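All remarks here apply to the structure that follows.
By convention in this document, chain letters (A, B, ...) are assigned in the order of the sequence lines, proteins followed by strands, and residues within each chain are numbered from 1. Bear in mind the structure is a predicted one, so any value in this text is a computation, not a measurement.
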There are 2 protein chains.
Amino acid sequence: MQDHTVHVQCSDCPIRHRAVCARCESDELSHLEQIKYYRSFQAGQTVIWSGDRMEFVGSVVTGIATLTHTLEDGRRQMVGLLLPSDFVGRPGRATAAYDVTATTDMVMCCFRKKPFEDLMATTPHIAQRLLEMTLDELDAAREWMLLLGRKTAREKIASMITIIARREASLRSRKPKGMLTVDLPLTREEMADYLGLTLETVSRQISALKKDGVISLEGNRHISIPDLDRLLEEAGDDSDGGMLV
Amino acid sequence: MQDHTVHVQCSDCPIRHRAVCARCESDELSHLEQIKYYRSFQAGQTVIWSGDRMEFVGSVVTGIATLTHTLEDGRRQMVGLLLPSDFVGRPGRATAAYDVTATTDMVMCCFRKKPFEDLMATTPHIAQRLLEMTLDELDAAREWMLLLGRKTAREKIASMITIIARREASLRSRKPKGMLTVDLPLTREEMADYLGLTLETVSRQISALKKDGVISLEGNRHISIPDLDRLLEEAGDDSDGGMLV
DNA sequence: GACGCGCCTTGACGCAGATCAAATGACAGG
DNA sequence: CCTGTCATTTGATCTGCGTCAAGGCGCGTC
């Protein structure tokens with residue numbers, strides 16, 4: 001599935017690598033091919049610190065990264081979870097606004113910012129595609145705000161599971177067979193930073209959902225969902241969870 | 001200041017009305033002029049309900065609107081605060097994702113969605129401008145997530161005041177003279193929905209900040225800030241509050 | 001002036017989740 | 001096999017904020 005290598009060709013990533021793929025389909029591929037390059041990161045490695053100069057933009061090819069804000073006293077809030085195909089960086093801004101960290105081994109496809117901006121100015125399709133992606137991210141951020149501001153710890157956990165299941169599903173081409181399962185790509189502490197909780201509360205609520213039969217665990221990270229509707233109900237959303245199935 | 005009328009010309013709003021103004025400076029103004037129209041709303045009136053068909057996009061000319069999510073049991077979370085010049089709507093999506101409500105009397109400049117999308121496809125500058133604005137909103141949403149997930153009630157109130165002061169300042173052309181003052185355009189309940197608190201907690205924390213001399217009140221809505229650094233400190237941010245001064 | 005109606009403030013009390021602390025399990029290296 | 005490290009779980013206690021309730025203030029209307 002996520003078997004891209006550092007030398008993956010642009011044309012290999014019709015889904016994962018959208019910022020590039022939008023161009024792959026046109027006759028100007030060669031421009032992007034000339035300016036793109038790949039970077040690998042190890043799990044735990046910081047891609048860029050908040051406030052640093054941001055010399056590139058790019059997108060995740062394989063692995064997972066997070067965006068986090070940190071306060072001086074150490075409180076942390078995750079503000080973005082980047083899965084393969086997600087875009088990183090901000091054309092038109094010189095410095096990073098948050099820490100970007102690889103939480104698994106990760107490969108990014110990067111473009112030096114200036115050439116990318118030049119290309120964007122002459123290739124309307126790129127700005128239109130980026131706008132679409134940014135609007136999606138904004139919607140996700142706003143759903144996340146509802147979670148952070150108004151949901152209980154139990155609802156937050158249930159919501160997180162449905163959100164990650166949904167995003168993993170959208171990366172997979174095939175439909176899931178058998179019982180729905182989710183791999184949580186985060187530690188309890190990272191989940192806590194995602195949800196605005198402490199890691200102890202995350203652990204307790206996962207245990208509680210397990211005890212109540214809403215989910216079952218195999219190991220610490222792998223979850224199966226016997227009854228999706230039950231989980232969606234626990235998530236407290238008024239919507240259907242974005243049509244997960 | 002905010003004396004635009006329903007018949008305001010596009011060329012009157014170089015700051016407030018950015019989605020239009022991007023075009024005003026070009027030779028294709030007439031296209032936008034042909035498809036734009038104005039809508040007025042009274043304070044409290046709903047512009048559109050979540051889930052409704054969204055036939056238009058537009059931007060706020062005068063007044064203030066909010067975006068809110070509501071759960072079935074009535075819990076509400078504000079996810080956007082729209083001041084003059086802010087864009088509303090989402091090219092490429094058919095239905096609204098959240099409730100849009102006028103909290104003061106408000107005038108919007110609208111475009112039917114289809115013609116606007118057509119224009120966007122042929123006028124690269126519009127998508128580029130919208131991308132820039134959307135990225136700004138995304139940054140604001142992420143700062144808001146930090147507030148919702150990790151700040152104390154007192155810090156939330158202090159942060160809200162600095163955020164609103166900053167945004168009001170950016171709408172004003174002239175520098176503030178004398179002591180910095182802010183008009184809160186929201187009721188205590190709306191502030192609570194903004195901050196993920198209850199209205200009682202909002203009231204208590206505002207009283208506490210007043211008692212401690214961080215702010216002073218004239219009436220319920222008008223705040224003066226004797227010492228901005230003190231307020232920024234109370235807000236708990238590691239940044240400088242976006243260079244308010 | 002008296003009334004009603006929003007909006008706001010203040011007080012008393014309870015609880016969800018934070019905090020502090022300790023135990024358990026999973027591994028990797030010696 | 002032992003040991004150290006790190007992630008996780010679980011328990012005991014504390015506390016910030018929610019909840020419930022009462023009352024104040026400004027303002028328009030009769």
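As rounded to whole Å, 7 Å separates atom P of dT10(C) from atom NZ of Lys210(B). Atom pair Arg154(B):CZ and dG16(D):C1' shows a separation of 14 Å (rounding to whole Å applied). Atom C1' of nucleotide dG18(D) and atom CZ of Arg75(B) are separated by 13 Å, given to the nearest angstrom. Look at CG on Leu184(B): it is 15 Å from P on dC7(C), rounded to the nearest Å. At whole-Å resolution of the value, CE in Met191(A) and P in dA7(D) are 12 Å apart. Put simply, CG on Asn220(A) is 17 Å from P on dC6(D), counting in whole angstrom units. If you take CD1 of Ile157(A) and C1' of dT9(D), they are 14 Å apart, rounded to a whole angstrom. Atom CG in Asp193(B) sits roughly 17 Å away from atom P in dC17(D) (whole-Å rounding).
For the OP1/OP2 pair of dA16(C) and a distance below 4.0 Å, the side-chain nitrogens and oxygens of Thr201(A) include no atom meeting the criterion. Of the side-chain N and O atoms in Thr187(A), none sit less than 4.0 angstrom from OP1 or OP2 of dC6(D).
A heavy-atom distance below 4.5 Å is not found between the side chains of Asp105(A) and Phe41(A). Side chains of Arg142(B) and Tyr98(A) form a contact here, defined as non-hydrogen atoms less than 4.5 Å apart.
A donor-acceptor pair is defined here as one N or O able to donate and one able to accept, closer than 3.5 Å; no such pair exists between the side chain of Glu137(A) and the backbone of Leu138(B). Under a 3.5 Å cut-off, the side chain of Arg39(A) and the backbone N or O of Val47(A) do not form any donor-acceptor pair.
Looking at heavy-atom distances under 4.0 Å, Arg221(A) makes contact with sugar-phosphate atoms alone, never a base. Residue contacts for Gly196(A): at a heavy-atom cut-off of 4.0 Å it reaches the sugar-phosphate backbone alone, with no base atom in range. Across all strands, Leu197(A) comes closer than 4.0 Å only to sugar-phosphate atoms, never to a base (heavy-atom distances). Note on Ser203(A): a base of the nucleic acid sits closer than 4.0 angstrom, heavy atoms only.
Toward the 5′ end of DNA chain C lies the nearest nucleotide of Leu217(B), the other residue of the pair Thr198(A) and Leu217(B) mapping further downstream. Both Ala153(B) and Arg188(A) lie near DNA chain D, and the one whose nearest nucleotide falls closer to the 5' end is Arg188(A).
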Q: Could you walk me through whether Asp212(B) and Arg230(B) pass the salt bridge (Lys or Arg N to Asp or Glu O under 4.0 Å) test, one step at a time?
A: CA-CA 11 Å; Asp212(B) 296 345; Arg230(B) 174 77 193 286; 5.3 Å; no

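Comparing the helix axis at one end of the helix from dG1(C)-dC30(D) to dG30(C)-dC1(D) with that at the other, each defined from 5 consecutive pairs, gives an inter-axis angle of 20° (nearest 10°).
For Arg204(A) against dG11(D), a side-chain-to-base donor-acceptor contact under 3.5 Å is present. On a pure distance criterion of 3.5 Å, no polar donor-acceptor pair joins the side chain of Glu200(B) and the base of dC17(D).
No hydrogens or angles considered: nothing links the side chains of Thr162(B) and Ser159(B) as a donor-acceptor pair under 3.5 Å. Glu218(A) and Ser224(A) are linked by a side-chain donor-acceptor pair at a separation below 3.5 angstrom, with hydrogens and angles left out of the test.
Minimum interatomic distance between Lys151(B) and Arg75(A) (heavy atoms only, all atoms of both residues): CA-NH1, 3.9 Å.
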